[in-house]
Amino acid sequence: MAAAPPDNDVLWARGIVKSHHGTPALRGVSLGVREGEVLAVTGPRGSGKSTLLGCLSALLPVDEGEVWFNSAPVHTLGRAGRERLRRDRFGFVGSEPHLVPELTARENVALPLLLAGAGGKAAHTAADEWLERLDIGEIAKVRPDRLVQSQRQRIAVARALAPLPPVVFADDPTAPLHRETAEQVLRILTSAARSHQLTLVLATHDPELVRYADRAVALVDGRLTGPVTPVPRGIAAPGTAGAATVPAAGR
Ligand SMILES: Nc1ncnc2c1ncn2[C@@H]1O[C@H](COP(=O)(O)OP(=O)(O)OP(=O)(O)O)[C@@H](O)[C@H]1O
């Protein structure tokens, strides 16, 4: 009989195979993501990180294999079911912020809360709090085209976290940022996820950023290669005390 997903895995995947128009991107990936952990998925460009996040987050249907969220199957859902799951349960940060240009920073962050049914005052108050937490409270009334990339990316992080989704997927969220800003954004993203007990799945091609995660796995040519040891640097990232010995990736 097929194995059931472990209770403490918020996401669980077995044997995912996925191609894009005949190009294999994932060649049999099995992975569990524990509730409340920050999991880094690392690997070189083209190794399948975005595709894996897409399959885990119900953006992409798998060709073969299984994906489960909170012990419910995702791989059997149709397009509408996957869209509902993404809208109601998952948050996303990409490498480009994709903000609504006509809206201010505050309105961009409030938008998902309003769409989820929050009242205007509550949504805007929450948006202001998240912008403060991300150290950009002063630009709440400014539109994205007047802001620099790092400010826009912080707005995108605030927008993803504000509805407090159980799982946040971040696909190379620091790719367009300079090193120092990248580290700041990642520090804020991971510490906000930890303080609200959100699960964070973070794809990054930068092995140095793996030290912000509780656990890391590596993809090469669409296959998990096993645990990753974070590159040591002078400063320890918050909450990564045990990260030097990351547990095994696949199960
Ligand atoms: N929409 C697509 N159409 C065709 N091939 C694709 C598509 N998306 C991804 N691929 C291919 O699938 C493979 C995995 O790509 P993917 O984007 O998942 O890797 P990645 O590790 O996220 O790369 P990057 O770090 O550059 O974003 C690559 O060979 C890529 O060229």
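- Counting heavy atoms from C-beta on, the side chains of I155 and P97 never come closer than 4.5 Å.
- Heavy atoms only, all atoms of each residue included: L186 and P173 are closest at CD1-CG, 4.3 Å.
- Under 4.0 Å is where a charged nitrogen must lie from a carboxylate oxygen, and between R179 and E208 at least one such pair does.
- Annotation: the span from L134 atom CG to S150 atom OG amounts to 11.5 Å, rounded to 0.5 Å.
- In this structure, D214 does not pair ionically with R34, as no charged nitrogen and carboxylate oxygen lie closer than 4.0 Å.
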>> Assess the residue pair Q149 and R152 against the criterion (side chain to side chain donor-acceptor pair (under 3.5 Å)); give the C-alpha distance rounded to whole Å, side-chain angles, the decisive distance to 0.1 Å, and a yes or no.
In response: CA-CA 5 Å; Q149 179 79 349; R152 290 199 294 266; 2.9 Å; yes
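- Here the side chains of L99 and E107 are not in contact, with every heavy-atom distance at 4.5 Å or above.
- Separation of atoms CG (D9) and CG (N70) is listed at 10.5 Å; rounding is to 0.5 Å.
- Scanning all heavy atoms of the two residues, the minimum distance from V29 to G222 falls at CG2-O, 3.4 Å.
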> Going through the checks in order, is the ring pair (Phe, Tyr, Trp, His ring centres under 6.0 Å) test met by H196 and W130?
Replying inline: CA-CA 12 Å; H196 290 82; W130 277 100; 5.1 Å; yes
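- Of the inter-residue distances, the one linking H124 atom NE2 with L111 atom CG reads 9.0 Å to the nearest 0.5 angstrom.
- Between E66 atom CD and C55 atom SG the span is 13.5 Å, to the nearest 0.5 Å.
- In summary, of the residues considered (I136, L147, V93, T174), a side-chain contact (heavy atoms from CB on, under 4.5 Å) with Q153 occurs for V93 alone.
- Linking ILVMFWY residues whenever their side-chain heavy atoms come closer than 4.5 Å, directly or via other members, leaves V17 and L26 in distinct clusters.
- Of all non-hydrogen atoms in R154 and D135, the two that sit nearest each other are NH1-CB, 3.8 Å.
- Side-chain contact between H205 and D172 is present, with heavy atoms from C-beta onward closer than 4.5 Å.
- By the criterion of side-chain heavy atoms lying less than 4.5 angstrom apart, applied directly or through intervening Ile, Leu, Val, Met, Phe, Trp or Tyr residues, L103 is not grouped with L113; the two fall into different hydrophobic clusters.
- Linking Ile, Leu, Val, Met, Phe, Trp and Tyr residues whenever their side-chain heavy atoms come within less than 4.5 Å places V157 and L164 in a single cluster.
- Residue pairs that meet the salt bridge (charged side-chain N to carboxylate O under 4.0 Å, His left out) test with at least one member in residues 78-106, sequence neighbours left out, are R106-D128.
- Put simply, CG on L209 and CG on L202 are 7.5 Å apart, with the number rounded to the nearest 0.5 Å.
- No continuous path of ILVMFWY side-chain contacts below 4.5 Å connects L60 to L56, so the two sit in separate hydrophobic clusters.
- Counting heavy atoms from C-beta on, the side chains of F69 and V10 come closer than 4.5 Å.
- Looking at every heavy atom in both residues, F169 comes nearest to L53 through CD2-CG, 4.0 Å.
- The minimum heavy-atom distance linking A213 with V38 is given by the pair CB-O, 3.4 Å.
- For the pair T199/V168, no side-chain contact is recorded, criterion being any heavy-atom separation below 4.5 Å from C-beta on.
- If you chain together hydrophobic residues whose side chains sit under 4.5 Å apart, V167 and L77 fall into the same group.
- In this structure, the side chains of P144 and N108 come closer than 4.5 Å at one or more pairs of heavy atoms.
- Between R14 and E64 there is no salt bridge, since no side-chain nitrogen of the basic residue lies less than 4.0 Å from a carboxylate oxygen of the acidic one.
- To the nearest 0.5 angstrom, W12 atom CH2 is 7.5 Å from S30 atom OG.
- Nearest heavy atom pair, residue F90 against residue S57, reads CD1-O, 3.5 Å.
- Here the side chains of D206 and T42 are not in contact, with every heavy-atom distance at 4.5 Å or above.
- Residues V41 and V201 are in side-chain contact: their nearest non-hydrogen atoms beyond the backbone lie under 4.5 Å apart.
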>> Working note: R194 + E37, criterion salt bridge (charged side-chain N to carboxylate O under 4.0 Å, His left out); need CA distance, chi angles, decisive distance, verdict.
In response: CA-CA 8 Å; R194 286 191 175 100; E37 80 171 332; over 6 Å; no
